[in-house]
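Some notes on the structure that comes next.
Quick note: numbers below take in every heavy atom, side chains included, and nothing from hydrogens, waters or symmetry partners. These numbers come from a predicted model, not from an experiment. Here is the naming used below: chain letters follow the sequence lines, and residue numbers restart at 1 for every chain.
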Amino acid sequence: MVVRAVRGMKDILPDEAVRWQRLERTFRTLVERAGYGEVRTPHIESTELFVREIGEDTDVVGKEMYSFQRHDDALTVRPEGTAGAARAYVQNNLAALEPVSRWYYIGPMFRAERPAKGRYRQFHQAGCEVYGDEGPACDAEMIDLCAELVQAFGVRDFVVHVNSIGSAGTRARYRDELAKYFTPMSAALSEDSQRRLATNPLRILDSKDPRDREASQGAPRVTDVLSDDDAAHLAALRRYLDELGVPYVLDPRLVRGLDYYTRTLFELKITTGELGAQDALLGGGRYDEMISHLGSKRPVPALGFAMGLERVLAVTPAGEARPGPECYLAPMLERATGPALVLGKALRQRGISCELDGRGQSLKAMLRRASAMKARLAVLLGEEELERGEVTLKDLERHEQTRAPLATAVEVALAMLASSGAAAAGSAGSA
RNA sequence: GUGGUUGUAGCUCAGUGGUAGAGCACUGGAUUGUGGUUCCAGUGGUCGCGGGUUCAAGCCCCGUCAGCCACCCCA
């Protein structure tokens, strides 16, 4: 093998693609029912967009972006979907067109991290964004939607984590307080956290290092420093979640690594350990300042989440295999291939899926293949059939076959499919 | 980016420095034109790649690439 897929990126072949299609279809259905419309934004944006919105000191921007220079433009292949969607929202002046916009997207994202279980350099996210509604009901509804989504995919063992880091002023104040708290004990922290002390003290809180856990014990809690408004927002959100019956845990250590978040943060984690250290299936929160930050004349609150599709697929039952063709056309000699082609075309025009075996192999080999593909009907065209202007139609499930004139073969095939197909009609809802 | 671990047939894997293997899959036959089972046979290998040690390397050593796992971070 000379050329391989680049590290951390992989092919999704047809047998696996059916699972992706089912997942995406379910996502679209549920999310559209909740009022979201699809947005498709460019996969490449100016580097500045991500640097400004995600934050210069975050790992995503600092070391994980695929960035390149094209003539005078500094460009980046998107590492996440929120910044680009927000940019599109502002650029297209949606705030002037409608008070509230609900958007969703599905597509690939790119981060140059070291690959691991549930983590790839090209990965796929499906996410939603709401612009223009700052009320906590909106947050509660979105979190509920997230739980509904993963349940629809067949995920059972998960827990929703919720936190608030307050609006911009609160967040900065909390950050300073944490720095003040941790600085005197900096020697007792892990090496990573000593670095975090300077770049992002919030992150020390969700460190896995026992030294940091110990040191965090007496640290000030976000919930204690929230402004009255922020606290009321969180309290209302919690009340709504209770009314909706969404189980969740209030997790004061939930921080998240993107700088744009304000107030509500949430994450949905799998609890089975199937994903190793990458236990977050989906994460999101509020980013009430981004729209102004992007130059919008009027401030617009915003809220969003993104779900990792590879991760969801990794913890989701496989579902049904890719369906085989309804008809499998098996010409037994070269002279039969032309009529078989024509018959195949006629069948497809009547809506019957069919596949032609042009390999020139034995009938046995062709039937074996038809059977392996779970075709419903095999259409046999050999010497005898050709002489009489007929075909043999074989029902592979019932082990019955009949002869029919070529001219009526399509009708006979339709009738046979209709009579034998009832059992195979049900399709599973799970991805 | 750091550490660990694994790379042998399409897949899953055995292989103790001395002839490259099994099961599954695929193809053919037993069955001059019928799927499954069974039986028989066959195709398929730069042993990830590159160096080194040795009379001799899939096996030992070094490097490199890739997968996986953990850390960092995140979906």
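Between B:U46 and B:A20, the distance separating the two P atoms is 14 Å to the nearest Å. Nucleotides B:C55 and B:G17, compared at atom C1', are 12 Å apart to the nearest Å. For the P atom pair drawn from B:G50 and B:A9, the interatomic distance equals 16 Å after rounding to whole Å. Separating the P atom of B:G33 from that of B:G48 is a span of 45 Å, rounded to the nearest Å. Using atom P as the reference point in both B:G29 and B:G35, the two lie 12 Å apart (nearest Å). Of the C1' atoms belonging to B:U32 and B:A22, the separation is 35 Å, rounded to the nearest Å. Taking atom P on both B:C61 and B:U2, the two are 22 Å apart, rounded to the nearest angstrom. When the P atom is compared between B:G15 and B:G51, the two are found 28 Å apart, to the nearest whole Å.
Here the C1' atom of nucleotide B:G4 and the NZ atom of A:K117 are 16 Å apart, to the nearest Å. Rounded to whole angstrom, the span from the CD atom of A:E64 across to the P atom of B:C73 amounts to 10 Å. Note: CE (A:M332) to P (B:U32) measures 11 Å, nearest angstrom. Rounded to whole Å, the distance from CD1 on A:I54 to P on B:C73 is 16 Å. One atom, CZ of A:F153, and another, P of B:A75, lie 17 Å apart when rounded to the nearest Å.
Within the 4.0 angstrom heavy-atom criterion, base atoms lie near A:L396. Base contact: A:L380 has a heavy atom under 4.0 Å from a base atom. A:E310 comes within 4.0 angstrom of nothing in the nucleic acid, heavy atoms only. Residue A:G8 is classed as a sugar-phosphate contact, given heavy-atom separations below 4.0 Å to backbone atoms only. Using a 4.0 Å heavy-atom cutoff across all strands shown, A:H124 reaches no nucleic acid atom at all. Counting any heavy atom pair closer than 4.0 Å across all strands shown, A:A306 reaches sugar-phosphate atoms only and no base atom. Across all strands shown, A:A365 has heavy atoms under 4.0 Å from sugar-phosphate atoms exclusively, and none from any base. Residue contacts for A:G118: at a heavy-atom cut-off of 4.0 Å it reaches a base atom on one of the strands shown. Residue A:S362 is in sugar-phosphate contact alone, with no base atom involved, counting any heavy-atom pair closer than 4.0 Å across all strands shown. When heavy atoms are screened at a 4.0 angstrom cut-off, A:R111 is found touching base atoms of the nucleic acid. The residue A:E80 sits apart from the nucleic acid: no heavy atom pair falls under 4.0 Å.
B:C73: no Watson-Crick or G-U partner with both key distances under 3.5 Å is found in any strand. Pairing partner, B:C11: B:G23, with both Watson-Crick or wobble hydrogen-bond distances short of 3.5 Å. Within the shown strands, nothing qualifies as a pairing partner of B:U53 under the Watson-Crick or G-U definition with both distances less than 3.5 Å. Both distances falling under 3.5 Å, in either a Watson-Crick or a G-U wobble arrangement, place B:C68 opposite B:G4. Base pairing of B:A30: its partner is B:U38, meeting the Watson-Crick or G-U wobble criterion (both donor-acceptor distances under 3.5 Å). Searching all strands for a Watson-Crick or G-U wobble partner of B:C47 with both distances below 3.5 Å returns nothing.
The pair A:E384-A:R403 counts as a salt bridge, with a side-chain nitrogen and a carboxylate oxygen less than 4.0 angstrom apart. A salt bridge does not link A:E129 to A:R102: none of the charged side-chain nitrogens sits closer than 4.0 Å to a carboxylate oxygen.
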Verdict with supporting geometry, A:E310 and A:R119, salt bridge (Lys or Arg N to Asp or Glu O under 4.0 Å): CA-CA 8 Å; A:E310 280 82 359; A:R119 196 173 62 196; over 6 Å; no

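Counting heavy atoms from C-beta on, the side chains of A:F266 and A:N163 never come closer than 4.5 Å.
With A:R156 contributing its side chain and A:Q151 its backbone, the two residues share a donor-acceptor pair below 3.5 Å.
Each of B:G33, B:C69, B:A75 was ranked by its minimum atom distance to the side chain of A:A280; first place goes to B:A75. Side-chain proximity of A:L367 to the nucleotides B:U27, B:G33, B:G35 is greatest for B:G35. Of the candidate nucleotides B:C72, B:G1, B:G36, B:G36 has the atom nearest to the side chain of A:R368. For A:R311, whose side chain is taken as the heavy atoms from C-beta onward, the closest listed nucleotide among B:G33, B:C72, B:A75 is B:A75. Closest contact between the side chain of A:T392 and the listed nucleotides B:U27, B:U34, B:C71 involves B:U34.
Of the inter-residue distances, the one linking A:Y174 atom OH with A:Y181 atom OH reads 10.0 Å to the nearest 0.5 angstrom.
With hydrogens and angles ignored, no donor-acceptor pair under 3.5 angstrom links the side chain of A:K364 to the base of B:U34. Put simply, the side chain of A:R119 and the base of B:C73 share a donor and an acceptor less than 3.5 Å apart. Donor-acceptor pairing under 3.5 Å, judged by distance alone, is present between the side chain of A:Q401 and the base of B:U34. One N or O donor and one acceptor, one from the side chain of A:E113 and one from the base of B:A75, sit under 3.5 Å apart. Between the base of B:G33 and the side chain of A:E385 there is a donor-acceptor pair shorter than 3.5 Å.
One finds no side-chain N or O of A:R195 lying less than 4.0 angstrom from the OP1 or OP2 phosphate oxygen of B:C72. The phosphate of B:C65 has neither OP1 nor OP2 within less than 4.0 Å of any side-chain N or O from A:R7. Considering only side-chain N and O atoms, A:R369 lies nowhere under 4.0 angstrom from the phosphate OP1 or OP2 of B:G35.
Using a 3.5 Å distance cut-off with no hydrogens or angles, the side chains of A:E48 and A:S46 do not pair a donor with an acceptor. If you check the side chains of A:R196 and A:S193, you find a donor sitting under 3.5 Å from an acceptor.
Nearest-nucleotide positions on RNA chain B for A:D279 and A:A5 put A:A5 closer to the 5' end. Judged by closest nucleotide on RNA chain B, A:R359 is the one of A:R359 and A:F123 placed further toward the 5' end.
When A:E383, A:E387, A:E385 are each tested for a salt bridge (charged side-chain N to carboxylate O under 4.0 Å, His left out) with A:R335, only one passes: A:E383.
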